[in-house]
Amino acid sequence: MRFPDGFVWGAATAAYQIEGAARDDGRGPSIWDTFSRTPGKVAAGHTGDVACDHYHRYPEDVALMASLGLRAYRFSVSWPRVQPDGSGPANPRGLDFYDRLVDALLAAGIDPLVTLYHWDLPQSLEDNGGWPARDTAHRFADYATAVYRRLGDRVRGWTTLNEPWCAAYLGYGSGVHAPGRQDAAAAFRSVHHLLLAHGLAATALRAGGAGSVAITLNPAAVLPADPASEADAHAVRVVDGLHNRVFLDPLLAGGYPPDVLSHIARFTDLSHVQEGDEKTIGAAIDMLGVNYYSPTYVAGRPGAPGGGAYPGTEDIHFPPPSGPVTGMGWQIEPSALTTLLVRLHTDYPDTPLMITENGAAFDDTGPDHDRISYLDGHLRAVHAAISRGADVRGYLVWSLLDNFEWHDGYAKRFGIIHVDYETQRRTPKHSAMWYRDVIASGSLPA
Ligand code: IFM
C-alpha cells in the first residue's frame, strides 16, 4: 500500500501545548494562561507554564524529529510572544525563538509548516472584545504580517488558523475552552471574525509572496444514527451546516449557506457580516488542512437537549460512542475519514487536502499497540480516499510529544514520544518507531 511520491510525512504540535516559558523574553499573557489559572477550568489545575519546555529544549526535539525521518513539522506561533498585547510593534525576542527553530529544522532537512493561530489569543485582545469583536480580525492580519516578515524568507508553508470551530464554539459557546464564555451570539460572531481574520491574513501573506497559504479546519464526518431515518438525515444537515458548511462554503464556495445563516439569525442579527467580507474570506488558498479524530453521529429526536457545542440543536441527539474508543472516549472509526475526505474532494474540488492532525490519546502502558493500530487504520483510510480520487498531499501525526491537552491538562497523552513531566525526559514510544519505518518505506504492508 504505497503512498504517492512526494507525500508529506510529519508531525504536529501547538505553541501553548508544548512551549512552556510562559513569561520568558517578554511574552504576554494569553487567554489560555488566564483560563488555566482559573480554578476548575482545567483538570488538576494544570497550566501551560512549563509544558514540555520546548522553548528551551527545541534542539533536542528537532534531533528527535530527524531521528524519525520526519519530512515536515507543523508548529504554531504564539501570538503573545510576538505581540505581548496583541497589537503594536513586534517583540523581537519572541520572534527570535521561531527564527532559531526554523533554522534548526531546515538544518535537519525538515520542512517547517507554520500555523499562526492555535487558540492562544493575547489576553488584552480578549479584554477588548475577543473574537466576537471585528477589530480582532484586523489585529490578526497585522500579527500575521509581522511573523511573515521575519520568517517568510525560509518558511514556505503558512496556515492561518487551526480549528476555528473550537476557538468559536468551545471558547465562546459551550465555554469549555478559553476564554470560557457561554454566549451563542458571541460564538457565531466569532465564527465570522475568525474567517475574516483568515481572509485578511491570507491576502497579506499572498501579497508578501508566501509559497503556500492554508487554513486548518476540523471538519466533522457527521453521520446519521439510522441511515434510513428522515429525522436523522435532517439532523445531519443541521449539524453539518453548523460544523462544516459554515466554514467551508465561504472559504471555498463563494459565501455562507442560506440555511446556516437563518439558523444563526435566531441568535444574533447578521450585521457583523459586512459587504465584501465573503469575498475577503474566499481569497484563494493552496491547501485545506484537515484535522480528524472521530466521527459525529446524530439522530433527530424530539425533546433531546442537543449538543452543548452547537447552539440551536435542540431535538438532536448525539448518541454516545458505540464500539472501540480512544483514551479520550472518542469512537475509533477510520472509514469515516475516507468518507469525509471523499466528500471534501467531491463538494469542494480543486483544493488539495493535507491531514494536519490525526492521532489518539491512550494510557501509555505496554507496547503501544492501540496507538499503532489507530494510526495504521487511519493511514489506510487516507490511502483509500486517495484511491477514490481525493487529492491528499500529506499526513501529520498528532502529536510529536505528549503535551497539555487543553481542559484535560496533562492527563491525556497523544504523543508518539513520551514526556516525563518531572524530568522532561523524552522517550520515543513504539508508535514512533513504527511511524519511522512507515515514513522510510512510504508504504504500509498490504
Ligand atoms: O490537542 C488538540 C489540538 O490542539 C487540536 N486538535 C485536537 C487535538 C486533540 O484534542
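Counting starts at 1 for both ligands and their atoms, following the listed order.
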Exercise for the section: Could you tell me whether D25 and R27 make a salt bridge, using a distance below 4.0 angstrom between a side-chain N and a carboxylate O? Expected result: no
Exercise for the section: Look only at interatomic distance and state if H118 has a nitrogen or oxygen under 3.5 Å from any nitrogen or oxygen of ligand 1. Expected result: yes
Practice task
Output yes when the distance from some N or O of ligand 1 to some N or O of E163 is under 3.5 Å, and no in every other case.
Solution key: yes
Handout entry: Within-4.5 Å side-chain heavy-atom neighbours: I285 and I215
Key = yes
Handout entry: Contact check: W406 vs ligand 1, nitrogen or oxygen atoms, below 3.5 angstrom
Key = yes
Handout entry: atom 6 (N) of ligand 1 - nearest protein heavy atom and its distance
Key = E357 OE1, 2.5 Å
Practice task
Would you check if S78 and E19 make a side-chain contact, meaning some heavy-atom pair closer than 4.5 Å?
Solution key: yes
Exercise for the section: Taking only Lys NZ, Arg NE, NH1 and NH2, and the carboxylate oxygens of Asp or Glu, determine whether R93 and D24 approach each other closer than 4.0 Å. Expected result: no
Problem - Ionic contact status for D286 with R393, cut-off 4.0 Å - result: no
Practice task
Flag the pair R413 and D402 as a salt bridge only when some basic side-chain nitrogen lies within less than 4.0 angstrom of an acidic carboxylate oxygen.
Solution key: yes
Practice task
Mark the output for W330 as yes if a heavy-atom distance to ligand 1 is under 4.0 Å, and as no if none is.
Solution key: yes
Handout entry: atom 10 (O) of ligand 1 [closest protein heavy-atom partner, distance rounded to 0.1 Å]
Key = E405 OE2, 2.6 Å
Practice task
Could you tell me if any non-hydrogen atom of M328 lies under 4.0 Å from any atom of ligand 1?
Solution key: no
